[in-house]
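Have a look at the structure below, then the notes.
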Amino acid sequence: MMTMAQLEARIESDLQRIGYSLKDKVISSQFWLSETLGTRAPGSYAYVADDGIHYVGIGDRGAIEAHDVYADLAEFLYQWYSAIVRCIAYNYACQQRTPGQDIRRLLFARELELLKQLGENYYQRKKAEIDQILIDAPYHDRSFQ
């Protein structure tokens with residue numbers, strides 16, 4: 001099993017490939033690598049323990065909403081990067097959006113672009129998830145006349 005320092009170095013190195021860092025505001029305000037849950041600020045926490053890598057989601061009122069333990073580093077990284085990339089992509093989509101356009105067009109495209117830079121396996125997995133979402137709920141653009 002890896003140490004917290006090794007996990008942090010791996011994540012930092014990977015994020016730099018997409019032009020981000022754990023210290024960037026969009027990431028540092030919502031994602032923490034911490035062996036404690038601190039003041040339980042809302043967001044996502046990850047830490048390494050003997051049983052694997054813990055990924056804990058804290059809700060708006062400080063309650064634990066999700067607590068997953070990953071024995072597989074690749075699975076943890078996919079979940080962690082998917083969440084980080086979703087935040088980055090959402091901020092991008094909100095800034096670039098045009099009225100009437102389904103925001104998911106920009107959101108999904110940006111997610112896929114960033115995940116592809118992190119690894120083809122992340123890209124392929126997210127693409128399959130998005131394809132299923134769009135089967136169940138296709139894009140819905142509205143034109144304003």
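Model, not experiment: these values are computed from the prediction.
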In Å and rounded to the nearest 0.5 Å, what is the CH2 to CZ distance from Trp80 to Arg10?
14.0 Å
Quick one: which residue pairs count as a side chain to side chain donor-acceptor pair (under 3.5 Å) with a foot in residues 15-27, not counting sequence neighbours?
Glu12-Gln16, Glu12-Ser21, Asp14-Arg17
Side chains of Glu129 and Lys126: does their closest heavy-atom pair fall under 4.5 Å?
yes
Here the ring-ring contact (aromatic ring centres under 6.0 Å, His included) pairs for residues 110-132, sequence neighbours left out, are Tyr81-Tyr122
Reported CD-to-NZ distance for the pair Gln124 and Lys116, which is rounded to 0.5 angstrom:
7.0 Å
Residue pairs passing the salt bridge (charged side-chain N to carboxylate O under 4.0 Å, His left out) test where at least one lies in residues 73-89, sequence neighbours excluded
Glu75-Arg125, Arg86-Glu111
Before giving the answer on side chain to side chain contact (heavy atoms under 4.5 Å, CB included), spell out for Ile58 and Ile64 the whole-Å C-alpha distance, their side-chain angles and the decisive distance to 0.1 Å.
CA-CA 5 Å; Ile58 303 292; Ile64 294 174; 3.6 Å; yes
The criterion is ring pair (Phe, Tyr, Trp, His ring centres under 6.0 Å); which residues satisfy it with Trp32, sequence neighbours excluded?
Tyr45
Under 4.5 Å between side-chain heavy atoms, counting indirect links through other Ile/Leu/Val/Met/Phe/Trp/Tyr residues: same cluster for Tyr47 and Leu33 or not?
yes
Do Val69 and Ile53 sit in the same hydrophobic cluster, where Ile, Leu, Val, Met, Phe, Trp and Tyr count as joined when their side-chain heavy atoms come under 4.5 Å apart?
no
Asp60: what forms a side chain to side chain donor-acceptor pair (under 3.5 Å) with it, not counting sequence neighbours?
none
Exercise: identify the closest heavy-atom pair between Phe76 and Ala46
CZ-CB, 3.6 Å
Listed by chain and number, what are the side chain to side chain donor-acceptor pair (under 3.5 Å) partners of Asn121, not counting sequence neighbours?
none
How would you list all residue pairs meeting side chain to side chain donor-acceptor pair (under 3.5 Å) that involve residues 62-74, not counting sequence neighbours?
His54-His67
For Arg97, what residues pass the side chain to side chain donor-acceptor pair (under 3.5 Å) criterion, not counting sequence neighbours?
none
Side-chain donor-acceptor pair under 3.5 Å between Asn91 and Gln95, yes or no?
no
Those residues that, when tested against Thr3, pass side chain to side chain contact (heavy atoms under 4.5 Å, CB included) (two or more places apart):
Ala5, Gln6
Show your working on side chain to side chain contact (heavy atoms under 4.5 Å, CB included) between Leu73 and Leu7 and close with a plain yes or no.
CA-CA 9 Å; Leu73 175 62; Leu7 179 63; 4.0 Å; yes
How far does CG of Leu118 sit from CD1 of Ile11, to the nearest 0.5 angstrom?
11.0 Å
Test your reading of the model: is there a side-chain donor-acceptor pair from Ser82 to the backbone of Tyr78, 3.5 Å cut-off?
yes
Please determine whether residues Leu15 and Met2 belong to a single hydrophobic cluster, defined as Ile, Leu, Val, Met, Phe, Trp and Tyr linked transitively by side-chain heavy-atom distances below 4.5 Å.
yes
Would a single hydrophobic cluster contain both Tyr55 and Leu22, if residues Ile, Leu, Val, Met, Phe, Trp and Tyr are joined by side-chain heavy-atom contacts under 4.5 Å?
yes
Once you round to the nearest 0.5 Å, how far does CG of Leu107 lie from CG of Leu112?
9.5 Å
From Ile18 CD1 over to Leu114 CG, what is the distance, rounded to the nearest 0.5 angstrom?
5.0 Å
Arg40: what forms a side chain to side chain donor-acceptor pair (under 3.5 Å) with it, not counting sequence neighbours?
none
Tell me, please, which residues at least two apart from Glu113 pass side chain to side chain contact (heavy atoms under 4.5 Å, CB included).
Arg110, Gln117
Any chain of hydrophobic side-chain contacts (each under 4.5 Å) joining Tyr90 to Leu115?
no
Restricting to side chain to side chain contact (heavy atoms under 4.5 Å, CB included), what partner residues turn up for Tyr139, sequence neighbours left out?
Asp102, Arg104, Arg105, Phe108, Leu134
Can you tell me how far OG1 of Thr98 sits from CD1 of Ile103, rounded to the nearest 0.5 angstrom?
10.0 Å
